[in-house]
Participant: 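Let me give you the structure first, and then I'll get to my questions.
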Number of protein chains: 2
Amino acid sequence: MEQDELDLRKMLILKAVIDDYIETREPVGSRTIAKKYDMGLSSATIRNEMADLEELGYLSQPHTSAGRVPSDKGYRLYVDKLMNLEEKLGFEPTPEELEDVKSRMQHEIGEMSDQIRVASELVSRLTEYTSIAVTGAADGTRRIKALQVVPVEPGKALAVIVLDDDTVRNAVIQHDPAIVPEVLMKVSTQCNLLFAGHRVEEINLNMIDAVSEATGVSRAALMPVIDGLFECIKKAESTEVYTEGAAKFLSHPEFSDVGKARGILELLNRDDLMIDLIKECSTADGLVIRIGSENKIEGLNECSVVTASYSVNGVKLGTIGVLGPTRMDYPRVVAALEYVRRRLTGGRELPAGTVSIQKGMLNLEGEAGTEPGIDGAKADNVTGGAKDNAGVDADNLARTDKVRNEGLLRSRKQEEGQ
Amino acid sequence: MEQDELDLRKMLILKAVIDDYIETREPVGSRTIAKKYDMGLSSATIRNEMADLEELGYLSQPHTSAGRVPSDKGYRLYVDKLMNLEEKLGFEPTPEELEDVKSRMQHEIGEMSDQIRVASELVSRLTEYTSIAVTGAADGTRRIKALQVVPVEPGKALAVIVLDDDTVRNAVIQHDPAIVPEVLMKVSTQCNLLFAGHRVEEINLNMIDAVSEATGVSRAALMPVIDGLFECIKKAESTEVYTEGAAKFLSHPEFSDVGKARGILELLNRDDLMIDLIKECSTADGLVIRIGSENKIEGLNECSVVTASYSVNGVKLGTIGVLGPTRMDYPRVVAALEYVRRRLTGGRELPAGTVSIQKGMLNLEGEAGTEPGIDGAKADNVTGGAKDNAGVDADNLARTDKVRNEGLLRSRKQEEGQ
DNA sequence: TGTTAGCACTCAACCGCGAAGAGTGCTAAC
DNA sequence: GTTAGCACTCTTCGCGGTTGAGTGCTAACA
């Protein structure tokens with residue numbers, strides 16, 4: 001595994017290369033590393049290490065006389081173990097942004113999915129990447145809170161249903177015109193009485209017969225109404241996709257080729273593909289990162305996706321994904337998604353400076369009691385099944401690494417300060 | 001006016017230049033016109049005419065030794081008088097497309113705005129340009145067809161309203177928890193009884209008092225409910241914007257510059273701007289063309305907009321706009337919007353070959369009795385106030401012109417046939 | 001044995017130049 | 001009024017040389 005393959009120094013160099021590449025988008029050369037990230041090594045030494053890293057598949061060269069560029073494998077290691085999130089977590093949205101988000105996140109009945117959309121907007125603004133929001137739990141666990149049949153005109157009515165997460169949906173019912181509004185209202189009341197508190201699947205013929213009996217409407221005549229209710233549920237469970245900031249793709253130099261950019265934008269409009277893309281990653285609550293060719297959609301090989309699923313009060317709202325070039329600012333994206341998660345999960349404000357991702361290495365097992373729940377879940381997901389790698393060695397390695405990292409960061413800051 | 005300014009030959013040459021430029025996107029030179037559109041003139045003569053046309057502002061030169069390119073003024077004249085729609089009207093969507101559109105256009109309650117959106121999709125597919133659909137009449141003329149207040153939980157209810165165009169909207173009501181569901185239902189019934197058939201503005205204190213009296217609920221306690229109903233109306237009248245095929249902008253060579261393309265795409269995402277853009281043009285039923293700098297939005301100076309407003313059964317559905325480069329295929333776009341209009345207006349199928357725009361020159365006053373209503377309205381709008389130009393001279397000129405055009409077209413076809 | 005200095009080599013990016021080609025405007029002849 | 005001819009303009013394209021960043025390799029060094 002990686003631990004055997006890469007010693008500490010190689011990892012530090014890899015990290016430096018990727019950090020620098022993310023920042024500058026230029027292939028990075030040995031001299032740059034030696035100078036900018038002064039690690040007490042000459043460029044020649046670093047050159048040798050970089051050659052090794054290339055041989056191992058973590059780096060590659062655009063052409064012979066160019067610097068190195070991270071490979072997908074390199075990014076993978078980076079997001080799993082190398083990147084440090086501390087630097088990036090300082091950011092906060094502007095007060096206006098927050099106000100806007102807060103006001104729009106007011107829990108508004110019938111507009112549940114708005115929350116995830118607003119969050120998606122925020123994520124896109126914070127990260128400067130395109131974000132995709134996918135709503136819809138489609139898990140059939142929600143219960144009916146209230147329902148009503150509204151007579152519209154003879155033979156035509158509207159079924160309205162409110163679920164326990166306050167989703168509202170309506171559907172048209174074409175019914176036997178012989179059922180007059182008054183009877184329809186009685187049906188409505190009976191249905192409400194009998195169905196409220198149940199999941200839709202639990203509605204059975206007995207219940208329908210009971211309604212039939214109480215209202216004097218035959219079971220057959222009742223069916224359109226029941227169908228209408230089912231239609232509502234179907235609508236409530238349909239998946240919706242919102243894309244925010246698609247134009248931002250054009251800001252990234254890797255898509256300065258119009259043809260490429262167009263390809264991406266066309267994919268972005270394919271709701272079915274986006275649902276696949278996002279849903280595939282959103283098995284659990286937590287962050288999932290798919291790098292370059294790791295995601296299967298043809299045409300997104302030069303893109304990475306970071307997704308986060310959100311639940312509020314146990315109700316799954318949906319998933320937000322950030323789509324950007326493989327060379328994306330992973331720390332920032334992870335931090336932004338995490339920030340929004342905290343906002344969305346609501347209530348529980350963490351003291352300033354405390355964040356749920358706090359360690360430089362994501363797959364460090366929770367050290368002290370710093371929110372182990374979230375940390376644990378995250379580590380699992382971010383590393384995408386890297387549990388097997390997180391042995392004692394890894395732990396040790398990472399800890400040392402972190403110390404070195406901090407030293408490195410400090411010295412860089414001093415440099416910049418002058 | 002133009003008639004005095006331009007003789008027939010100049011107009012024919014201008015038409016040829018624009019037709020060719022629309023087709024090839026290359027600045028067109030005198031030799032091209034002379035050869036491709038054989039009009040029995042040498043390139044030198046055409047050169048002189050083109051120099052005149054440039055002096056008059058209908059053409060311009062990118063640089064000294066290049067061909068000519070139409071100016072906005074040139075396009076204006078073209079869409080007003082020169083373009084012939086016959087060639088373009090032959091197209092039909094594929095059977096699958098039609099089936100898809102038809103099935104999705106099924107008048108579905110509560111999803112009224114879907115129709116305009118589906119139509120917009122179709123337009124985008126037919127024209128290969130970006131289309132923008134703006135829904136919402138916001139004219140306050142709709143009447144309440146049915147309404148209902150649905151108790152959800154103590155102190156919380158849902159107002160549902162159905163308007164006479166079958167728009168459905170709902171809104172949350174936070175009311176005095178002292179009002180029990182049974183009373184709420186009575187309020188609902190009373191409101192329905194009293195308000196149905198009225199416009200919202202017509203709801204007055206007398207009516208509210210009547211409800212209060214019939215239900216025993218105080219006027220003050222009733223107000224949240226009324227507010228909820230108003231909220232519904234507000235939602236129903238809110239304008240929605242759908243953009244379809246934004247990526248298509250990137251196919252046009254004039255936007256091969258990524259910066260430019262990004263600017264456009266960002267504008268496309270600005271709903272407020274798009275509403276302004278489309279609504280400004282949609283004063284009447286009919287087509288409106290805005291060319292280049294004619295539309296006021298900064299950044300769309302190199303774009304043209306063609307909009308068409310649609311009503312079904314007297315209810316204004318919304319407006320569809322096509323946004324593309326100034327060098328857009330105007331005949332095709334006009335034809336597509338007109339085609340969709342016929343579909344959307346529904347029912348009345350015209351015999352094959354008969355179309356509501358049938359003349360080569362749009363501002364010809366209706367000749368025989370070929371659907372003068374539609375034609376008349378269209379001419380007014382398309383020419384954007386060109387009525388004053390449509391005198392006897394114009395008529396004469398145009399008629400001759402058309403004959404010449406047909407000859408020209410025929411000979412071109414023969415050429416291509418071999 | 002690991003590290004470093006030095007050097008030759010590679011290759012993309014840039015620049016300037018000249019040739020090619022399309023198209024014009026002007027003039028003189030028809 | 002129309003057209004042929006010609007000189008002129010200006011973009012586009014391809015070519016070759018230069019520059020500079022970065023590499024790999026080798027030999028010396030600690």
Side-chain angles (χ1 to χ4, degrees), chain A residues 5-14 16-21 23-71 74 253-254 256-257 404, chain B residues 6-14 16-21 23-71 74 253-254 256-257:
Chain A
E5 228 169 46
L6 294 190
D7 59 14
L8 173 57
R9 196 172 71 180
K10 278 198 176 54
M11 286 180 111
L12 278 179
I13 289 175
L14 181 59
V17 169
I18 298 183
D19 278 338
D20 201 78
Y21 185 66
E23 193 189 325
T24 66
R25 208 201 69 100
E26 299 294 319
V28 7
S30 51
R31 237 179 82 88
T32 312
I33 301 296
K35 270 173 62 179
K36 201 159 153 189
Y37 300 80
D38 59 353
M39 24 181 65
L41 292 173
S42 77
S43 71
T45 312
I46 292 173
R47 204 141 59 228
N48 289 331
E49 296 286 46
M50 281 167 82
D52 290 351
L53 283 168
E54 180 168 6
E55 203 174 345
L56 291 168
Y58 294 98
L59 296 177
S60 71
Q61 265 181 309
H63 55 88
T64 335
S65 72
R68 257 49 174 237
V69 158
S71 68
E254 29 270 278
S256 61
D257 175 51
R404 288 289 287 265
Chain B
L6 294 190
D7 59 14
L8 173 56
R9 196 171 72 182
K10 279 199 176 54
M11 284 180 114
L12 277 179
I13 290 175
L14 180 59
V17 169
I18 299 183
D19 278 338
D20 201 77
Y21 185 67
E23 192 189 327
T24 65
R25 210 202 69 98
E26 299 295 317
V28 4
S30 52
R31 238 180 82 90
T32 313
I33 301 296
K35 270 173 63 179
K36 202 159 152 189
Y37 301 81
D38 60 352
M39 26 182 65
L41 291 173
S42 77
S43 71
T45 311
I46 292 172
R47 205 142 58 228
N48 289 330
E49 295 286 45
M50 281 167 82
D52 290 352
L53 283 168
E54 180 169 4
E55 204 174 344
L56 291 167
Y58 294 97
L59 295 177
S60 70
Q61 264 182 309
H63 55 88
T64 335
S65 72
R68 259 39 176 243
V69 158
S71 67
E254 28 270 278
S256 61
D257 175 49

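A note on names: the letters A, B, ... follow the listed sequences, proteins ahead of strands, and every chain is numbered from 1. Only a predicted model underlies this, so the values are computations on that prediction, with no experimental measurement involved.
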Participant: Report the residues that fulfil side-chain contact (heavy atoms from CB on, under 4.5 Å) with B/Ser256, sequence neighbours left out, ordered by chain and then residue number.
Facilitator: A/Val258
Participant: Does B/Glu254 have any side-chain hydrogen bond (donor to acceptor under 3.5 Å, both in side chains) partners at least two apart in sequence or in another chain, and if so, which?
Facilitator: B/Arg327
Participant: Expressed as a whole number of angstroms, how long is the span from A/Glu49:CD to C/dT4:C1'?
Facilitator: 14 Å
Participant: What is the distance, rounded to the nearest whole Å, between atom CE of B/Met50 and atom P of C/dA22?
Facilitator: 16 Å
Participant: Over how many whole Å does the gap from A/Glu26 atom CD to D/dG20 atom C1' extend?
Facilitator: 13 Å
Participant: Nearest-Å distance, CZ (A/Arg31) to P (C/dT4)?
Facilitator: 15 Å
Participant: Going 5' to 3' through nucleotides 7-13 of chain D, assign each nucleotide B (protein heavy atom under 4.0 Å from a base atom), S (under 4.0 Å only from sugar-phosphate atoms) or - (no protein heavy atom that close).
Facilitator: --BBS--
Participant: Taking only residues two or more places apart in sequence or in another chain, which ones pass side-chain contact (heavy atoms from CB on, under 4.5 Å) with B/Arg31?
Facilitator: B/Lys35, B/Ser43
Participant: Write down the distance between CZ (B/Arg68) and P (C/dG25), rounded to a whole number of angstrom.
Facilitator: 4 Å
Participant: According to side-chain hydrogen bond (donor to acceptor under 3.5 Å, both in side chains), who are the partners of A/Arg25, at least two apart in sequence or on a separate chain?
Facilitator: none
Participant: How would you summarise protein contacts on nucleotides 25-30 of chain D per nucleotide, using B for base, S for sugar-phosphate only and - for none, with heavy-atom distances below 4.0 Å?
Facilitator: B-----
Participant: Just jot down the side-chain hydrogen bond (donor to acceptor under 3.5 Å, both in side chains) partners of B/Thr64, sequence neighbours excluded, or say none.
Facilitator: none
Participant: Test of understanding: with side-chain hydrogen bond (donor to acceptor under 3.5 Å, both in side chains), list the residues that count as partners of A/Asp257, not counting sequence neighbours.
Facilitator: none
Participant: Whole angstroms only, please: what is the CG-P distance between A/Leu59 and D/dT23?
Facilitator: 11 Å
Participant: Can you tell which of C/dA5, C/dG25, D/dT2 lies closest to the side chain of A/Ser42?
Facilitator: C/dA5
Participant: Roughly what angle, to 10°, lies between the helix axis at the start of the helix from C/dT1-D/dA30 to C/dC30-D/dG1 and the one at its end, five pairs per end?
Facilitator: 20°
Participant: Let me know the distance between CZ of A/Arg9 and P of C/dG2, rounded to the nearest Å.
Facilitator: 9 Å
Participant: Using a cut-off of 4.0 Å on non-hydrogen atoms, how would the nucleic acid contact of B/Ser30 be classed: base, sugar-phosphate, or nothing?
Facilitator: sugar-phosphate
Participant: In chain order, what residues pass the side-chain contact (heavy atoms from CB on, under 4.5 Å) check against A/Ala51, with sequence neighbours excluded?
Facilitator: A/Arg68
Participant: For A/Leu6 and A/Leu53, what are the C-alpha separation, side-chain angles and deciding distance, and is it a side-chain contact (heavy atoms from CB on, under 4.5 Å)?
Facilitator: CA-CA 8 Å; A/Leu6 294 190; A/Leu53 283 168; 3.8 Å; yes
Participant: Just by distance, no angles: are the side chains of B/Tyr37 and B/Asp19 close enough, under 3.5 Å, to form a donor-acceptor pair?
Facilitator: no
Participant: Taking only residues two or more places apart in sequence or in another chain, which ones pass side-chain contact (heavy atoms from CB on, under 4.5 Å) with B/Ser65?
Facilitator: B/His63
Participant: Measure the distance from CG on B/Leu8 to P on D/dG1 and round it to the nearest whole Å.
Facilitator: 16 Å
Participant: After noting the C-alpha distance and the side-chain angles of A/Thr32 and A/Val17, does the key distance pass the side-chain contact (heavy atoms from CB on, under 4.5 Å) rule?
Facilitator: CA-CA 9 Å; A/Thr32 312; A/Val17 169; over 6 Å; no
